[in-house]
Amino acid sequence: MTKRNPPTNGILKRLPRTEFKILFPKLEAVLLPLHATLNEAAKPIAHCYFLRSGLASILTVLANGKIVEVGLTGSEGFVGLPLLAGLKSSATRVIVQVSGSAFRISAKNMVAVLADCPALRRRLGQYGLDVGMQSAQIAACNRLHNANQRMARWLLMSQDRLGGNQVRLTQEFLAHMLGMRRASVNVALGFLQRKGHIAYARGAVKIEDRLGLEAASCECYASIARQHKKWRQESN
């Protein structure tokens, strides 16, 4: 990492200078191509990632090969949390759903760094709780709320992590992420577009009316955002 690659990751930005100096030599700036697998379910973790840009999906993989998204991470987060608890493998698959970049560190180096960096351990532990809270709320959302509400919630969460007003994704990929049929994805996108909240064309969703999209979402988006804000204030 060089001066041209500043620590744009939210966790790295909040580290004490002394700990960042310990971590700094171990970090490698890498690109994250679309659909790249960062961690694989039930497999040893080879590398950890502090995302700088883009979006990654945390997926539960079923025995029949079907996948359902249980979380999202972007430049606020980290991939490789099991290492924090002394574990070596991932329970979920993490894939890049919007290409971007990250700081990568080997699992071996990450374990060594954690031993000397209590603030980093604390920040990662807090982020792990945030991911768990997000996953629990998404599980409730997928069970209790309709396709239109779930689509609105997902778009809002994605925009929070990506910035800007455009998310590049196909209907097929959205169907996999949200555990919906492709026809349901099409109906939900059409509903939100007719309301003027979004515009969808050529594999890209443009958010036109953020407040309208929030109103179209279920309570789950507000609940996740509210708890995240509360924990962020408490951690400071």
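Side chains included, hydrogens not; waters and symmetry mates left out as well; all remaining heavy atoms used.
Screening residues 31-85 for ring pair (Phe, Tyr, Trp, His ring centres under 6.0 Å), with sequence neighbours left out, gives His35-Phe173, Phe50-Phe78. Legend: side-chain hydrogen bond (donor to acceptor under 3.5 Å, both in side chains) pairs involving residues 102-112, not counting sequence neighbours, sorted by first then second residue: Glu28-Arg104, Ser106-Asn109. The list of side-chain hydrogen bond (donor to acceptor under 3.5 Å, both in side chains) pairs with a residue in residues 171-185, not counting sequence neighbours, reads Gln171-Asn186. Residue pairs meeting the salt bridge (charged side-chain N to carboxylate O under 4.0 Å, His left out) criterion with at least one member in residues 220-236, sequence neighbours excluded, do not occur. Every pair tested for ring pair (Phe, Tyr, Trp, His ring centres under 6.0 Å) that includes a residue from residues 187-211 fails, sequence neighbours excluded, so the list is empty.
Exactly one of Val94, Asn39, Ile95, Val70 qualifies for a side chain to side chain contact (heavy atoms under 4.5 Å, CB included) with Leu59. That residue is Ile95.
At least one donor-acceptor pair closer than 3.5 Å links the side chain of Glu76 to the backbone N or O of Gly74. Side chain of Ser53 to main chain of Ser101: a donor-acceptor pair is present (N/O by atom type, distance under 3.5 Å, no hydrogens or angles).
Here the side chains of Ser235 and Arg14 are in contact, with some heavy-atom distance below 4.5 Å.
When all heavy atoms are compared, the tightest approach of Gly196 to Asp209 is O-CB, 3.6 Å.
Residues meeting the salt bridge (charged side-chain N to carboxylate O under 4.0 Å, His left out) test with Glu214, sequence neighbours left out: Arg210.
Surrounding CD of Gln126 are more than 12 heavy atoms belonging to other residues, nucleotides or ligands, all under 6.0 Å away.
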